[in-house]
Amino acid sequence: MAVPFITEVKRTHTCGQLTKSNIGEEVVLFGWVQNRRDHGGAVFIDLRDRDGLTQVVFEPDIAKEAHELAGQLRLEYCIGIKGRVASRGTQVNPKLKTGEIEIKATDLSIFNRSEPTPFLIEDDIETGEDKRLAHRYLDLRRRPLQQSLMTRSKMNAITRSYLVDKGFLELETPFMGKYTPGGARNFLVPSRLNPGRFYALAESPQLYKQLFMVAGFDRYFQIVKCFRDEDLRLDRQPEFTQIDIEMSFVTQDDVFTVVEGLIKRVWEEVLGVEVPVPFPRMNYDESMAKYGNDKPDLRFGLEHILLTDVVRQFGESGGVPMMWEAVQAGGIVKAMVIPAEKALSRAESDKLEDFAKQAGAKGLARAKVGEGGDWTQSPLSKTINPELRQAINQACGAKPGDLLLFQFGKESLVHTVMANLRVHVAKKLGYIPEYGSGGVWKFLWVVNPPLFEFDEETNTWAAAHHAFTRPHDEDVPHLLSDPGRVKCYRYDVVLNGFEIGGGSIRLHDPKVQAEVFKALGIVDEDARAKFGFLLDALKFGAPPHGGIALGMDRLAMLLTSAESLRDVIPFPKTKTGTDMMTGAPGDVDDRQLREIHVRPAPLPQK
RNA sequence: GGGGAGUUAGUUCAGUUGGUCAGAACGCCGGCCUGUCACGCCGGAGGCCACGGGUUCAAGUCCCGUACUCCUCGCCA
């Protein structure tokens with residue numbers, strides 16, 4: 001007598017569809033038991049699928065058999081029901097889309113029972129992430145994650161449709177390629193057929209997409225996995241997805257237009273949010289000076305103030321030996337103002353110092369500005385020259401009650417500490433939420449960065465992006481004489497403090513390319529060994545070209561206000577690159593290793 | 001590689017100066033209940049206190065080490 005669910009009786013609706021307008025209809029729903037409320041005489045079930053929740057009620061006078069079976073139902077049982085849609089009358093549940101109706105069930109089939117789950121399937125879960133990752137298939141039943149992945153799916157669809165409409169071709173590139181030094185550390189794949197040799201998993205399709213341009217494909221894109229064997233962060237995974245784009249015959253602005261259009265459409269269709277285009281642009285130098293990094297969060301102020309020149313001007317007479325020494329040693333001095341109306345307690349500002357130290361600072365000098373511009377609560381106040389104090393107050397635009405935070409020393413460290421501090425303070429003061437956008441979307445292009453950066457370890461100039469980025473024409477004469485001043489056509493697109501993409505216009509002129517290599521100290525043979533195939537390709541009428549790669553995972557994370565990349569990746573890895581569910585990376589046996597000609601080195605003794 | 005935080009029932013946590021400290025809530029099991037939607041009521045089971053050493057008359061608690069997880073700096077052209 002059992003109803004032949006699935007084979008003959010098909011699902012008529014999902015659990016998020018039914019409304020008042022369906023009252024009276026006979027329906028069939030499949031799903032999981034989200035909750036049960038057994039009153040003996042009547043059993044209420046919240047039935048869940050990825051579309052929503054629907055209340056099902058089993059009553060003995062409607063269906064005796066189904067009611068008896070319903071008494072056995074437990075959380076996460078997978079079931080099918082048949083019944084009639086009924087009004088809930090006055091007992092509406094406003095929290096549910098389907099809250100005005102319920103299903104008076106006539107038939108029930110338990111497709112599969114469930115053991116008690118290791119954690120409850122709830123929206124607001126408190127279970128530790130490691131335990132959820134170990135049972136990811138259960139974690140993925142939760143609505144927030146279901147919605148994240150549905151959003152991702154939508155982004156994929158929009159991306160393909162937008163770019164294909166614009167004349168882009170979706171072309172694939174190999175994951176297994178040749179190892180090239182520099183850049184991110186590669187995962188290596190041993191070759192069974194070529195003893196002792198290795199493939200490298202692609203850290204990006206960079207070189208291949210340039211070859212597509214040489215081949216004349218003009219406009220390429222790919223939604224592609226990339227692999228990097230670097231330390232993980234909440235916004236970094238060892239394998240991640242990029243929307244990879246490359247175009248021929250374009251300027252930087254042409255690339256921007258394509259990306260802005262894509263993002264505009266994604267935000268519009270996913271969130272219903274209108275994103276103004278074009279995005280504002282900021283020079284790299286300005287970003288470093290005001291925000292301490294190249295991915296500023298523009299949802300709030302708290303800009304840094306550079307005081308290096310002021311301190312230098314006063315020299316020793318400034319009365320703050322630590323700052324003066326830092327400047328003399330080639331370092332910088334920066335300040336940030338916490339406005340009086342957001343006054344922090346002494347204990348809170350002490351905590352800021354702990355935070356700064358954690359970010360690598362030696363300490364955090366502070367000063368509270370008094371009525372007359374004097375400083376209190378500060379060791380600096382005793383020795384500082386009042387004129388320097390006045391000059392600093394003026395540079396900072398400080399008013400009574402403001403708290404000044406100082407950081408001085410090596411430029412890179414000062415920037416790092418101050419950049420972290422800025423975001424930390426903004427969260428503390430409530431300018432931005434701990435996670436998520438808070439409904440504010442500040443897009444930005446950071447442009448015109450230096451082509452090279454100085455590597456203090458090796459005392460040489462290194463490519464800041466990669467060796468194929470096109471320098472500004474007017475800087476080309478300085479490539480060898482003054483590499484530090486050469487700016488280039490590289491760009492990052494930034495959203496709320498996250499770098500969501502980056503790219504460049506590529507070098508296609510072999511002559512300039514040779515000079516860049518020279519500046520980098522790469523001799524011809526090295527260049528040939530590393531990038532020979534690309535250099536060869538550029539000789540055969542390579543078109544001017546450029547492109548960008550957008551971080552799909554980060555975009556999804558920001559779009560869904562997720563706390564972590566892990567929330568928008570179906571099966572992510574932990575901080576140490578392990579998979580809590582499968583146990584990867586795992587051991588392999590000796591025979592497998594012999595076959596691929598690999599012998600593990602002994603583990604270092606501890 | 002450096003710094004920090006954490007690990008006690010299935011889950012989230014409490015556990016004081018080392019001495020009835022093996023506890024709560026949710027979940028689970030049994031019973032009752034026809035309008036619940038965080039249903040309610042009664043009863044019950046469940047823990048090598050991450051692991052390994054040490055200190056002590058006595059360790060969940062103090063010390064050392066290991067593992068795992070998270071955050072962060074370095075790193076991520």
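Because the structure is a prediction, the values reported are computed rather than measured.
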Salt bridge present between [X] and [Y] (N-O < 4.0 angstrom):
{"X": "R136(A)", "Y": "D579(A)", "answer": "no"}
{"X": "E203(A)", "Y": "R228(A)", "answer": "no"}
{"X": "R236(A)", "Y": "E230(A)", "answer": "no"}
{"X": "D492(A)", "Y": "K295(A)", "answer": "no"}

Does a nitrogen or oxygen in the side chain of [X] sit under 4.0 Å from OP1 or OP2 of [N]?
{"X": "T574(A)", "N": "U69(B)", "value": "yes"}
{"X": "K131(A)", "N": "U12(B)", "value": "yes"}
{"X": "R37(A)", "N": "A38(B)", "value": "no"}
{"X": "N93(A)", "N": "U36(B)", "value": "no"}
{"X": "T578(A)", "N": "U69(B)", "value": "yes"}

Is a donor-acceptor contact shorter than 3.5 angstrom present between the side chain of [X] and the base of [N]?
{"X": "R228(A)", "N": "C76(B)", "answer": "no"}
{"X": "K104(A)", "N": "G35(B)", "answer": "yes"}
{"X": "E102(A)", "N": "G35(B)", "answer": "yes"}
{"X": "K575(A)", "N": "U72(B)", "answer": "yes"}
{"X": "R185(A)", "N": "G1(B)", "answer": "no"}
{"X": "Q55(A)", "N": "U36(B)", "answer": "yes"}
{"X": "R236(A)", "N": "C75(B)", "answer": "yes"}

Figure out the [atom1]/[atom2] separation between [X] and [N], and round it to whole Å.
{"X": "K351(A)", "N": "G4(B)", "atom1": "NZ", "atom2": "P", "value": "18 Å"}
{"X": "L96(A)", "N": "G35(B)", "atom1": "CG", "atom2": "P", "value": "20 Å"}
{"X": "E353(A)", "N": "G4(B)", "atom1": "CD", "atom2": "P", "value": "16 Å"}

For the pair R485(A) (side chain) and H478(A) (backbone), establish whether a donor and an acceptor sit closer than 3.5 Å, ignoring hydrogens and angles.
->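 Judged by distance alone, no pair lies under 3.5 Å.
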
Hey, is the main chain of T14(A) close enough, under 3.5 Å, to the side chain of Q17(A) for a donor-acceptor pair?
->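 Flag set: sc Q17(A) to bb T14(A) pair under 3.5 Å.
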
Look at all strands and tell whether [X] reaches a base, only sugar-phosphate, or nothing, counting heavy atoms closer than 4.0 Å.
{"X": "D229(A)", "value": "nothing"}
{"X": "G128(A)", "value": "sugar-phosphate"}
{"X": "T576(A)", "value": "sugar-phosphate"}
{"X": "E126(A)", "value": "sugar-phosphate"}

According to the Watson-Crick and G-U wobble definitions, with both distances under 3.5 Å, which nucleotide is paired to U34(B)?
->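 U34(B) is unpaired by these criteria.
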
For A9(B), which nucleotide in any strand shown is its Watson-Crick or wobble partner with both distances under 3.5 Å?
->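 A9(B) is paired with nothing.
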
pi-stack flag for F44(A) and U36(B), centroid dist under 5.5 Å, interplanar under 30° |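 It does: the two rings, one from F44(A) and one from U36(B), meet the stacking criterion.
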
According to the 5.5 Å centroid and 30° plane-angle thresholds, does H39(A) stack upon the nucleobase of U36(B)?
->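 It does not: the two rings, one from H39(A) and one from U36(B), miss the stacking criterion.
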
Could you check which of C70(B), C75(B), U12(B) has an atom nearest any side-chain atom of R566(A)?
->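 The nucleotide sitting nearest to the side chain is C70(B).
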
